[in-house]
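Numbering of ligands and ligand atoms starts at 1, following listing order.
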Amino acid sequence: IPDSTPADVDAAVGRAKSVFSSWESVAASARSVILVRAAGIVRARADTLAALLSAEQGKPIREARDEVQGAAHVFEYYASVCGSIPGDARRLPKYGYLNVVRKPMGICGAVIPWNMPVIIFAWKAGGALACGNCVLVKPSCTAPLTVDAIAKIFEEAGLPPHVLQVVHGRGSTAGDAVVRHPDIRHVSFTGSMETGRSIAQTAAPYLKKLVLELGGNDAFIVTETADLKSAVANAVRNRFYNCGQVCTSPKRILVHESLADTFVKMAAEKIAALKVGCGADGADVGPLNNPDQAEIVENAVSDIVGSAKGTLVCGGTRTAGNFYLPTLMKDVEPSAVSKELFGPVMPVIPFSAIEEAVKIANATPYGLGGSVWTADLKTARRVAEELDAGIVWVNKHLILPPELPFGGVGGSGYGRENGREFYQEYTYEKSILMG
Ligand code: NAP
Ligand code: MG
């Protein structure tokens, strides 16, 4: 892949500028047709795209297929909402007529990580294109190919040239150039908190509009009245999905002390049945995406176990390359996992009262998601109310239809993707007063 320079980014911005005004004048219905056609081609090529995604990213082929089909679904969602960007019209006695219209931001930058590159690309490009923007996408160096292939599909689907461009390259050069370019008015970034902070600093002098999706440390709270079988199955499925590399993965499993031993036993049985291997070979859990990430996970688990802040039940071994065995730890001290564990590791933290669980859940810098597992309506409402997070699930986790506004608070960043409000990020309001 090209190692793009700031000059390459500047040239791409120049091309986008040359087509922006004709693209923003395209009827919403025509934008909708392009999005639907692109979704159709993605679906028709899902097997090839999924194989490419699995090969470059490491994820199991089944999950790669879900992600590719999920991206098509997101494009279809945006096709359905293209024409419903709201405005306002009012008669103002004495002054005249007021029209409040929404205009596209112009040229948007999208900086994408390696964990779920295709779905995150769909969220960002779908929203931006639906509103009539041009988009420059900077995918991650370690998962750039499927994003590139889907961007090319958009031209086949009838998107005019240069409206959607991919600039490959390193974050420190190509990514940085996107954040600094004065003609890019909006940047949406998904990735680590540290990089998000640095992007906010870099973007400040340019007064850019930003969306920052900076990961999470979701609590998964299993109360006394939970359906234990369902809670265990969901915890294991969701925690080890994508080898644990998902922003809203349940990263801390809080279990009522009366159920903790049984939960751990049941989870250990399910984890033992997970097949670890290459994505293409029908594995349940693939490798971590890159060696740096494998090392981060390996060190984090050794630190917790080595300092007796948690007891290893299974896993805890890096077998070969980026493969790290699905790991379960019990009796974990909450402070040992206050940092996001981005890998196949399930820490179980026992608690005695629901207020303690909520306190633990909220005691991290993050605020992305969280879930409560309960049969009691009062507990469900209370926890939903008190979790300091952008998304709360009740008896579910990691279910993210495009109708749901996605994003966090605090250290998880700001701004929302998807939902009915998607246009708020990708447009600005223009008030026109006619005398
Ligand atoms: P990262 O540094 O945040 O990278 C995400 C994207 O930003 C990549 O495309 C990266 O380019 C680019 N980038 C890096 N520095 C940049 C800069 N200064 N300006 C503009 N763009 C820049 O994430 P990472 O290093 O891959 O992973 C580190 C940690 O981030 C993980 O351990 C995990 O905790 C967290 N993470 C979270 C999520 C999430 O969805 N919440 C996703 C991925 C990672 P490159 O191609 O050079 O990397
Ligand atoms: Mg990085």
Side-chain angles (χ1 to χ4, degrees), residues 1-4 6 9 56-59 67 109-121 123-124 136-145 147-148 166-181 184 187-204 206 208 210-218 241-251 288-301 322 324 337-345 364-369 389-391 398 400 406-408 410-413 415 417:
I1 61 157
D3 187 8
S4 306
V9 170
E56 67 169 338
Q57 203 280 342
K59 65 183 69 201
E67 186 173 343
V111 180
I112 293 179
W114 42 259
N115 61 329
M116 306 282 295
V118 168
I119 201 80
I120 293 171
F121 164 73
W123 291 354
K124 297 189 192 306
L136 235 66
V137 181
K138 205 304 276 178
S140 157
C141 286
T142 61
L145 301 175
V147 167
D148 195 84
V166 179
V167 278
H168 290 289
R170 282 172 278 193
S172 54
T173 48
D176 183 68
V178 167
V179 178
R180 284 180 199 277
H181 201 292
I184 296 180
V187 174
S188 176
F189 165 79
T190 302
S192 66
M193 194 192 275
E194 295 70 24
T195 305
R197 201 173 272 136
S198 124
I199 284 179
Q201 276 170 348
T202 306
Y206 304 95
K208 284 190 195 199
L210 294 180
V211 171
L212 298 176
E213 306 286 6
L214 309 181
N217 202 352
D218 292 16
Y241 187 80
N242 204 34
C243 199
Q245 306 161 115
V246 182
C247 14
T248 48
S249 172
K251 299 201 176 93
L288 288 141
N289 172 256
N290 57 73
D292 290 351
Q293 195 59 33
E295 199 177 315
I296 293 172
V297 170
E298 191 180 19
N299 290 340
V301 174
N322 302 338
Y324 192 81
V337 286
S338 61
K339 221 178 145 222
E340 178 181 34
L341 250 172
F342 213 64
V345 181
T364 81
Y366 293 93
L368 189 55
I391 306 163
L398 201 52
L400 297 166
F406 181 88
S412 291
E417 300 192 286

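At under 3.5 Å, not a single nitrogen or oxygen of Ile296, backbone or side chain, sits near a nitrogen or oxygen of ligand 1. By the 3.5 Å distance cut-off applied to N or O atoms, Gly215 is counted among the residues near ligand 1. For the pair Glu213 and ligand 1, the shortest N or O to N or O distance does not fall below 3.5 Å. The N/O atoms of Gly171, backbone and side chain alike, include one that comes under 3.5 Å of an N/O atom in ligand 1.
Side-chain atoms of Thr364 and Asn217 include no donor-acceptor pair closer than 3.5 Å. Donor-acceptor pairing under 3.5 Å is recorded for the side chains of Asn242 and Lys59.
At a threshold of 4.5 Å between non-hydrogen side-chain atoms, the residues Ile120 and Phe189 do not count as touching. You'll find the side chain of Asn289 stays beyond 4.5 Å of the side chain of Asn322, heavy atoms only. In this structure, Glu213 and Cys247 have side chains that are not in contact, with every pair of non-hydrogen atoms separated by 4.5 Å or more. Counting heavy atoms from C-beta outward, Tyr366 and Asp218 have side chains that stay 4.5 Å or more apart. Contact annotation: the side chain of Asp148 never approaches that of Pro139 to less than 4.5 Å [non-hydrogen atoms, C-beta and beyond]. Between Thr190 and Glu417 there is a side-chain heavy-atom pair separated by less than 4.5 Å. Contact of the Tyr324 side chain with the Val345 side chain is registered, since non-hydrogen atoms from C-beta on lie closer than 4.5 Å.
Pairing each heavy atom of Ala203 with each of Leu210, the nearest pair is CB-CD2, 4.0 Å. Shortest non-hydrogen contact noted between Pro2 and His168 is O-CB, 3.4 Å. The shortest heavy-atom contact between Met116 and Glu67 is C-OE2, 3.0 Å.
When non-hydrogen atoms are compared, ligand 1 lies under 4.0 Å from the side chain of Ile199 (C-beta onward) but not from its backbone.
Interatomic distance, Leu212 CG to Thr195 OG1, rounded to the nearest 0.5 Å: 10.5 Å. Atom CH2 of Trp114 is separated from atom CG of Leu288 by 7.0 Å, given to the nearest 0.5 angstrom.
Which parts of ligand 1 touch Val111 is read off a 4.0 Å heavy-atom cut-off, strictly below it: atoms 6 (C), 7 (O), 9 (O), 12 (C), 21 (N). The contact set between ligand 1 and Gly175, taken as ligand atoms under 4.0 Å from a residue heavy atom, comprises 19 (N), 20 (C), 21 (N). Under a 4.0 Å criterion applied to the non-hydrogen atoms of Thr190, ligand 1 contributes the atoms 5 (C), 40 (O). Near Cys247, the atoms of ligand 1 lying under 4.0 angstrom from a non-hydrogen atom of the residue are 39 (C), 40 (O), 41 (N). Atoms of ligand 1 lying under 4.0 Å from any heavy atom of Ser140, numbered from 1 in the order shown and given with element: 9 (O), 46 (O). Near Asp176, meaning under 4.0 Å from any of its heavy atoms, are these atoms of ligand 1: 19 (N), 20 (C). Residue contact check: Ile112 has heavy atoms under 4.0 Å from atoms 6 (C), 8 (C), 9 (O) of ligand 1. Residue Pro139 approaches ligand 1 through these ligand atoms, each under 4.0 Å from one of its heavy atoms: 9 (O).
The shortest contact between atom 28 (C) of ligand 1 and any protein heavy atom is with Ser192 CB, 4.1 Å. Closest to atom 18 (N) of ligand 1 among all protein heavy atoms lies Ser198 OG, 3.9 Å. Looking only at heavy atoms of the protein, atom 15 (N) of ligand 1 is closest to Thr195 CG2, 3.3 Å. The single protein non-hydrogen atom nearest to atom 46 (O) of ligand 1 is Cys141 N, 2.7 Å, given as residue, atom name and distance. When only non-hydrogen protein atoms are considered, atom 34 (O) of ligand 1 lies nearest to Glu340 OE1, 3.0 Å. When only non-hydrogen protein atoms are considered, atom 26 (O) of ligand 1 lies nearest to Trp114 NE1, 2.4 Å. The nearest heavy-atom contact from the protein to atom 43 (C) of ligand 1 is Pro113 CB, 3.5 Å. Protein heavy atom closest to atom 44 (C) of ligand 1, with residue, atom name and distance, is Phe342 CE2, 3.8 Å.
The closest heavy-atom contact to atom 11 (O) of ligand 1, among the options Arg170, Lys138, Gln293, comes from Lys138.
Closer than 4.0 Å to atom 4 (O) of ligand 1 lies none of the heavy atoms of the protein.
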